[in-house]
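Numbers here are sequence positions counted from 1. As the structure lists them, so they are numbered: ligands from 1, and atoms in each ligand from 1.
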Amino acid sequence: MSLIHLIDLQSLGDERGSLVSIEANNHIPFEVKRVYYISQTKQGVSRGFHAHKNLQQLAVCVAGKCRLLLDDGISRESVWLDSSNKGLFIGNNVWREMHDFSADCVLLVLASEHYDESDYIRDYSLFCAKVRE
Ligand code: TYD
């Protein structure tokens with residue numbers, strides 16, 4: 001099964017421009033407790049490099065593009081987020097890295113839980129050991 005779970009977000013755009021709507025428990029399978037966005041990323045910078053024990057997220061590039069790499073401890077796959085209609089669902093116990101941010105990239109993330117540092121696994125070898133338990 002692919003690690004890349006893309007969600008086609010509803011486009012309500014018309015001749016005036018683009019409008020995309022995301023409803024909790026409808027277009028995405030969780031309640032949203034937190035929203036954050038990443039922008040003005042310096043050229044050549046990569047982010048992420050962690051997994052979560054209990055967190056569901058949806059990542060959408062609302063402007064520009066970046067490449068998301070997902071890894072379940074067995075295989076790795078990457079996908080370009082390059083459209084505001086394209087949401088990437090990321091579940092528990094998935095290592096994620098964000099690469100190749102365009103200068104204009106705004107990466108919006110909807111999350112199922114509040115920020116909790118104790119939910120992070122930031123060490124790749126610990127992550128691999130945990131998913132093989
Ligand atoms: P970090 O985990 O390094 O971001 P990324 O996954 O993009 O590499 O987060 C940077 C800092 O921001 C770190 O000190 C934790 C803090 N932070 C919050 O306080 N709340 C949040 O929702 C997020 C995502 C990060």
Side-chain angles (χ1 to χ4, degrees):
M1 210 176 71
S2 175
L3 282 167
I4 306 299
H5 179 171
L6 289 172
I7 296 179
D8 257 335
L9 299 170
Q10 202 174 359
S11 176
L12 305 168
D14 54 28
E15 65 285 351
R16 295 170 296 174
S18 170
L19 194 163
V20 177
S21 166
I22 307 170
E23 293 185 356
N25 292 324
N26 184 1
H27 306 114
I28 53 172
F30 58 88
E31 273 307 339
V32 178
K33 288 199 186 153
R34 173 165 57 107
V35 174
Y36 62 92
Y37 35 92
I38 292 168
S39 60
Q40 298 168 48
T41 305
K42 302 281 182 281
Q43 289 301 286
V45 166
S46 294
R47 306 193 60 134
F49 300 94
H50 63 257
H52 287 278
K53 299 172 210 162
N54 175 40
L55 185 69
Q56 301 180 78
Q57 294 186 301
L58 185 86
V60 187
C61 255
V62 294
K65 62 178 185 173
C66 66
R67 186 171 61 85
L68 267 278
L69 181 150
L70 301 186
D71 179 334
D72 62 2
I74 295 162
S75 58
R76 336 189 97 197
E77 281 183 62
S78 76
V79 63
W80 281 100
L81 295 187
D82 52 7
S83 159
S84 58
N85 299 126
K86 200 195 267 191
L88 178 67
F89 176 80
I90 311 173
N92 298 335
N93 296 318
V94 176
W95 184 265
R96 82 286 316 269
E97 299 174 8
M98 301 162 230
H99 299 285
D100 303 323
F101 287 86
S102 62
D104 60 346
C105 179
V106 180
L107 180 66
L108 175 73
V109 182
L110 311 184
S112 64
E113 303 295 335
H114 291 166
Y115 175 74
D116 174 8
E117 184 56 40
S118 71
D119 189 62
Y120 281 68
I121 306 168
R122 293 190 183 272
D123 181 305
Y124 186 68
S125 47
L126 277 182
F127 164 72
C128 288
K130 185 176 188 304
V131 293
R132 285 183 178 83
E133 265 170 15

Do ligand 1 and [X] have nitrogen or oxygen atoms that lie under 3.5 Å from each other?
X: R34; value: yes
X: R47; value: yes
X: G48; value: yes

**Item:** Near-ring test H99/F49, centroid separation under 6.0 angstrom
**Value:**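 Close enough - the centres of the two rings lie under 6.0 Å apart.
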
**Prompt:** Near N25 CG, under 6.0 Å, is it more than 12 heavy atoms from other residues, nucleotides or ligands?
**Reply:**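 It does: N25 CG has more than 12 such atoms within range.
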
**Asked** Of all the non-hydrogen atoms in the protein, which one sits nearest to atom 13 (C) of ligand 1, and at what distance?
**Response**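 Result: Y115 OH, 4.3 Å.
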
**Asked** Considering only protein heavy atoms, which is closest to atom 6 (O) of ligand 1, and at what distance to one decimal place?
**Response**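 So the nearest neighbour among protein heavy atoms is H50 CE1, 2.9 Å.
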
**Request:** Indicate the ring-plane relationship of Y120 and H50, choosing parallel, tilted or perpendicular according to the 30° and 60° boundaries.
**Result:**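 Rings of Y120 and H50: tilted, 30 to 60°.
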
**Asked** When the ring planes of W95 and Y124 are compared, do they come out parallel, tilted or perpendicular, using 30° and 60° as the limits?
**Response**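 It falls in the perpendicular class, over 60°.
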
**Request:** Determine, counting only non-hydrogen atoms of the protein, whether one lies under 4.0 angstrom from atom 11 (C) of ligand 1.
**Result:**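 It does not; no protein heavy atom is within 4.0 Å.
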
**Prompt:** Which one holds for E117 and ligand 1: side chain close, backbone close, both close, or neither close, with close meaning a heavy atom under 4.0 Å?
**Reply:**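 The answer is neither; E117 stays 4.0 Å or more away.
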
**Side chain, backbone, both or neither: R122 near ligand 1, heavy atoms under 4.0 Å** =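 It is the side chain that gets close, since no backbone atom is under 4.0 Å.
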
**Message:** Please list, in number order, the atoms of ligand 1 under 4.0 Å from a heavy atom of I38.
**Reply:**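 Near I38, the atoms of ligand 1 are 7 (O).
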
**Ligand-side contact atoms (ligand 1) for residue partner Y120, heavy atom cut-off under 4.0 Å** =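 Taking each heavy atom of Y120 in turn, ligand 1 has 2 (O), 24 (C) under 4.0 Å.
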
**Prompt:** Looking at K65 and D82, does any basic side-chain N land under 4.0 Å from a carboxylate oxygen?
**Reply:**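 Salt bridge: no.
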
**Request:** Supply the atom-to-atom distance C61 SG to L108 CG, rounded to the nearest 0.5 angstrom.
**Result:**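 Going from the SG atom of C61 to the CG atom of L108 covers 9.5 Å.
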
**Prompt:** Name the one of R47, R67, R76 that satisfies salt bridge (charged side-chain N to carboxylate O under 4.0 Å, His left out) with E97?
**Reply:**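 Result for salt bridge (charged side-chain N to carboxylate O under 4.0 Å, His left out) with E97: R76.
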
